[in-house]
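Quick notes on the structure that follows.
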Amino acid sequence: MTRAAVFAGSFDPITRGHVDLVRRASAIFDRVVVAVAVNSGKQPLFALDERTSLVRDALAAEQVSAEVERLDGLLVAFARRVGATFLVRGVRSVADFEYEQQMARMNRHIAPEIDTVLLSPDPELGWVSSTLVREVARLGESVDALVTANVAAALRSRFAAA
């Protein structure tokens, strides 16, 4: 039986921390699907199609094997659709843990056959967030160490046009 997992996020933009978590999940599971999500509570910098493309290119550049799909709807419904029985979530802080624990319980309530696996990020990348990356890039500083080259170029292009 294939062990499949979904790693979902808005990835606005994908960071090296995200890439690290996908790499590590790929070592644990036979199949990893990265779900690029619509988040109605956020105003994304990049459109869904752009984010999906950036994720695909970032993973390819780092030679990380994973499928990349768009997610618009309930995560556990998506996981069922793609045949995944695990959700992978990154946890950087106690606040992240409390939120993810609550989400894991709700997901388990809705879909008892799907388990959530929490991974701690690489200590060198654990402080990096998409929000920080966007803000630093918006202010004209380099984010090259925090994102892949394709993402850094997309950020420079986006903010040069603003």
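Here, residue 1 is the first one in the sequence, and each next residue gets the next number.
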Please check if [X] and [Y] belong to a single hydrophobic cluster, counting links between Ile, Leu, Val, Met, Phe, Trp and Tyr side chain heavy atoms closer than 4.5 Å.
X      : Y      : answer
Val55  : Val147 : yes
Ile28  : Val64  : yes
Val88  : Val6   : no
Val136 : Phe159 : yes
Val68  : Val38  : yes

ring-ring contact (aromatic ring centres under 6.0 Å, His included) pairs, two or more places apart, involving residues 8-53: Phe7-Phe11, Phe11-His18, Phe29-Phe86
Taking all atoms of both residues into account, what is the closest heavy-atom pair of [X] and [Y], and its distance?
X      : Y      : answer
Leu119 : Ala25  : CD1-N, 4.4 Å
Val143 : Val133 : CG1-O, 3.7 Å
Val36  : Ser10  : CG1-O, 4.0 Å
Phe78  : Ala35  : CE2-CB, 3.6 Å
Leu71  : Ala8   : CD2-CB, 4.1 Å
Ser120 : Leu21  : O-CD2, 4.2 Å

Side chain to side chain contact (heavy atoms under 4.5 Å, CB included) assessment of Leu75 paired with Leu87: CA-CA 9 Å; Leu75 178 56; Leu87 304 175; 3.9 Å; yes
Looking at [X] and [Y], would you say the former's side chain and the latter's main chain have a donor-acceptor pair under 3.5 Å?
X      : Y      : value
Arg51  : Ala37  : yes
Ser26  : Ser65  : yes
Arg134 : Leu155 : no
Glu98  : Ala95  : no
Arg89  : Val117 : no
Thr15  : Leu146 : no
Ser157 : Ala153 : no
Arg92  : Trp127 : no
Asp30  : Arg3   : yes
Arg23  : Glu62  : yes

State whether Arg16 and Asp20 are salt-bridged, where the test is any N-O pair (Lys NZ or Arg NE/NH1/NH2 against Asp/Glu carboxylate O) under 4.0 Å.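 A salt bridge is absent here (no side-chain N lies under 4.0 Å from a carboxylate O).
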Tell me whether Glu100 is salt-bridged to Arg105, with the criterion being a basic N under 4.0 Å from an acidic carboxylate O.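 No.
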What is the distance from atom [atom1] of [X] to atom [atom2] of [Y], rounded to the nearest 0.5 Å?
X      : Y      : atom1 : atom2 : value
Gln101 : Thr116 : CD    : OG1   : 10.5 Å
Ser129 : Asp12  : OG    : CG    : 11.0 Å
Asp72  : Leu48  : CG    : CG    : 7.5 Å

Ignoring hydrogens and geometry beyond distance, is a side-chain donor-acceptor pair present between Asn150 and Thr148 at under 3.5 Å?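 Result is yes, a qualifying pair exists.
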Heavy atoms from other residues, nucleotides or ligands near CD of Glu67 exceed 12 (cutoff 6.0 Å):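 Buried by this count: over 12 neighbours within 6.0 Å.
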Does a sphere of radius 6.0 Å around CD in Glu113 hold more than 12 heavy atoms from other residues, nucleotides or ligands, not counting ones at 6.0 Å or beyond?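 Counting other residues, nucleotides and ligands, CD of Glu113 exceeds 12 neighbours.
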Report yes if some heavy atom in the side chain of [X] is under 4.5 Å from a heavy atom in the side chain of [Y]; otherwise report no.
X      : Y      : value
Glu135 : Glu141 : no
Leu125 : Asp122 : yes
Arg138 : Leu45  : no

Determine, step by step, whether Val34 and Leu59 satisfy the side chain to side chain contact (heavy atoms under 4.5 Å, CB included) criterion, reporting the C-alpha distance in whole Å, the side-chain angles of both residues, the deciding distance to 0.1 Å, and the verdict. CA-CA 10 Å; Val34 177; Leu59 294 176; 4.0 Å; yes
Arg158 and Glu50: CA distance, side-chain angles, deciding distance, side chain to side chain contact (heavy atoms under 4.5 Å, CB included) verdict: CA-CA 11 Å; Arg158 180 58 45 96; Glu50 291 174 297; 2.5 Å; yes
Might you work through the side chain to side chain contact (heavy atoms under 4.5 Å, CB included) test for Asp115 and Arg108, ending with a clear yes or no? CA-CA 7 Å; Asp115 283 314; Arg108 185 87 170 160; 2.5 Å; yes
If the condition is salt bridge (charged side-chain N to carboxylate O under 4.0 Å, His left out), which residues does Arg56 pass it with, not counting sequence neighbours?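 Partners of Arg56 by the salt bridge (charged side-chain N to carboxylate O under 4.0 Å, His left out) criterion come out as none, since no residue qualifies.
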